[in-house]
Protein chains: 2
Amino acid sequence: MSTPGRGLHGRVLESLGPAITAGEYPPGSVLRTDELAQRFEVSRSVMREAVRVLESMHLVESRRRVGVTVRPANEWNVYDPQVIRWRLAGADRPRQLRSLTVLRCAVEPVAAGLAAKHATAEQCAELTECALGMVANSRGHKLEGYLVHDVAFHRIVLNASGNEMFARLGDVVAEVLAGRTHHQVMFEDPDPAAVTLHVQVAEAVRAGDAVRAEELTREIVVGALQELDILSPES
Amino acid sequence: MSTPGRGLHGRVLESLGPAITAGEYPPGSVLRTDELAQRFEVSRSVMREAVRVLESMHLVESRRRVGVTVRPANEWNVYDPQVIRWRLAGADRPRQLRSLTVLRCAVEPVAAGLAAKHATAEQCAELTECALGMVANSRGHKLEGYLVHDVAFHRIVLNASGNEMFARLGDVVAEVLAGRTHHQVMFEDPDPAAVTLHVQVAEAVRAGDAVRAEELTREIVVGALQELDILSPES
DNA sequence: GTGACGCATAAGTCTGACTTTTTGTTCCCG
DNA sequence: CGGGAACAAAAAGTCAGACTTATGCGTCAC
């Protein structure tokens with residue numbers, strides 16, 4: 001699924017990153033590179049590289065004579081797929097899942113509208129294929145197969161929008177859908193209404209009906225948000 | 001404005017990052033760490049740290065026996081504020097500005113709607129203050145003063161939405177607005193209609209009128225998008 | 001033509017010494 | 001007693017060099 005500990009510094013990150021995003025080190029905490037290097041049993045060079053990466057994610061700040069200080073959560077690069085994965089693996093997955101789904105509610109309908117205008121014939125075909133795949137896996141405890149087609153579907157729509165910023169959210173959506181399937185105890189079979197909506201979106205995009213594609217997609221993501229609210233109560 | 005070359009590796013990044021995002025090295029190009037270290041007159045350790053950061057942005061991939069290969073643009077972490085800054089400084093600023101503005105069109109209206117429900121009294125006050133500041137700087141070649149209040153306004157709305165993913169787009173919006181003011185030759189004074197809309201959004205948020213706040217904000221960002229289209233023709 | 005072997009290569013890792021910056025303390029003078 | 005300057009310590013930053021490891025690619029045998 002994700003990149004498996006590329007190199008020594010990668011393994012350190014896989015351990016230290018989640019610890020920080022989980023809030024194990026409160027904002028302002030200071031870590032010393034040497035101590036970390038000893039703790040993880042790596043050389044200072046390796047630990048320095050790991051710290052540099054954390055710094056580029058704005059998770060920590062490294063200052064001379066002070067050490068590596070943990071930054072407050074509101075400064076983190078929360079769009080970094082790695083950070084997203086770390087946070088989804090952590091304790092406050094529900095809140096994370098919710099804020100990401102709200103983002104989907106804003107972005108995906110607009111993306112679908114653009115896709116209806118810009119999608120190539122090939123993309124339309126792939127979209128229909130995915131929708132049919134979802135239908136085929138919608139009954140009988142085939143959640144994994146359903147997930148694959150669901151992810152592919154939304155990825156295609158985002159790509160077909162022609163907007164690069166939207167396209168890059170494909171990974172985010174994939175993580176959200178995977179998290180929902182694997183950790184939230186989803187109902188045994190997906191909501192039939194959602195399946196139908198996906199098929200209709202594929203049709204609307206093929207027909208070039210932007211407003212319909214947008215509206216249908218909005219129903220999908222708002223539905224996803226409501227499902228979240230059912231499973232975890234919110235104010 | 002941005003962080004000024006923190007440390008030696010930071011200075012390398014400031015030179016190498018923009019070069020890559022500008023497409024000076026086509027996708028698949030291979031760079032060797034040693035050669036880069038010589039070129040920038042730094043030690044291998046420093047260059048390795050720089051490469052690690054570029055790798056965490058998915059701009060390059062480092063593999064044994066091969067070297068550091070440049071990844072295709074569609075794999076870059078385009079939400080990384082640093083990457084955004086590099087690309088906005090580069091040659092295809094227009095396209096970049098456009099795709100970011102489309103993102104604003106999707107996100108900001110929804111954020112404004114949420115802000116109308118969640119904003120605190122203090123945030124409402126700040127919002128009104130910003131709107132008044134925009135009015136005060138809307139005539140007489142006071143673009144800089146206008147920009148400051150404009151940025152603050154949108155930042156407050158995004159923060160007040162209560163959604164962390166939206167909040168973190170404040171920096172992106174700031175870059176877009178700054179880029180528009182400084183590089184696109186904006187009209188001498190901002191569009192009066194836009195100024196009015198900002199005032200009305202502040203009112204709607206204060207009144208807790210979500211749908212109105214959303215609709216007015218949509219008018220603002222769609223207007224911004226149209227301004228872009230006027231200045232640079234698009235299909 | 002195909003597969004196994006080996007070599008050259010470039011990244012990866014480690015160590016140790018040295019430099020630089022910054023913080024906090026101390027001490028002197030007003 | 002207060003303030004500022006000098007000083008010392010601490011931690012990151014930088015560098016150079018040696019060694020390790022994985023791997024792409026060419027070679028050679030079959």
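Numbered from 1 within each chain, the chains take letters A, B, ... in sequence-line order.
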Starting from [atom2] on [N], measure out to [atom1] on [X] and report it in whole angstrom.
X	N	atom1	atom2	answer
A:Arg65	C:dT19	CZ	C1'	16 Å
B:Arg32	C:dG12	CZ	C1'	17 Å
B:Glu49	D:dT14	CD	P	7 Å
B:Glu61	C:dA10	CD	P	17 Å
A:Arg6	D:dT23	CZ	C1'	14 Å
B:Leu31	C:dT9	CG	C1'	16 Å
B:Met47	C:dG12	CE	P	13 Å
A:Leu8	D:dT20	CG	P	16 Å

Side-chain N,O ([X]) to OP1/OP2 ([N]) below 4.0 Å:
X	N	answer
A:Ser45	C:dT15	no
A:Arg52	D:dG13	yes
B:Thr33	C:dA11	yes

Enumerate, atom names and distances included, each donor-acceptor pair closer than 3.5 Å involving a side-chain atom of residues 26-36 of chain A, sequence neighbours excluded.
{"unit_1": "A:Ser29", "atom_1": "OG", "unit_2": "A:Pro26", "atom_2": "O", "d": "2.4"}
{"unit_1": "A:Arg32", "atom_1": "NH2", "unit_2": "A:Glu35", "atom_2": "OE1", "d": "3.3"}

*Do the ring centers of A:His149 and A:His154 come within less than 6.0 Å of each other?*
no

*C:dT13 base to A:Arg44 side chain: any donor-acceptor pair below 3.5 Å?*
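Per atom types, no contact qualifies.
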
*Answer yes or no: is there a side-chain heavy-atom contact under 4.5 Å between A:Glu49 and A:Val12?*
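No, too far: nothing below the 4.5 Å cut-off.
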
*Does the side chain of A:Ser45 come under 3.5 Å of the side chain of B:Ser45 through a donor N or O and an acceptor N or O?*
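Short answer, no.
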
*Have B:Asn77 and A:Arg168 got a donor and an acceptor in their side chains that come within less than 3.5 Å?*
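B:Asn77 vs A:Arg168: donor-acceptor pair found between side chains.
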
*asked:* For a quick check of understanding: with a heavy-atom distance under 4.0 Å over all strands, which category does B:Arg64 fall into, base, sugar-phosphate or nothing?
replied: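 Base contact - B:Arg64 has a heavy atom under 4.0 Å of at least one base atom.
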
*What is the nucleic acid contact for A:Val51, judged by heavy atoms within less than 4.0 Å: base, sugar-phosphate only, or nothing?*
nothing

Side chain of [X]: nearest nucleotide among [options]?
X	options	result
A:Arg63	C:dT23, D:dA22, D:dA12	C:dT23
B:Arg48	C:dT22, C:dG12, D:dT14	C:dG12
A:Asp34	D:dC15, D:dA12, C:dA11	D:dA12

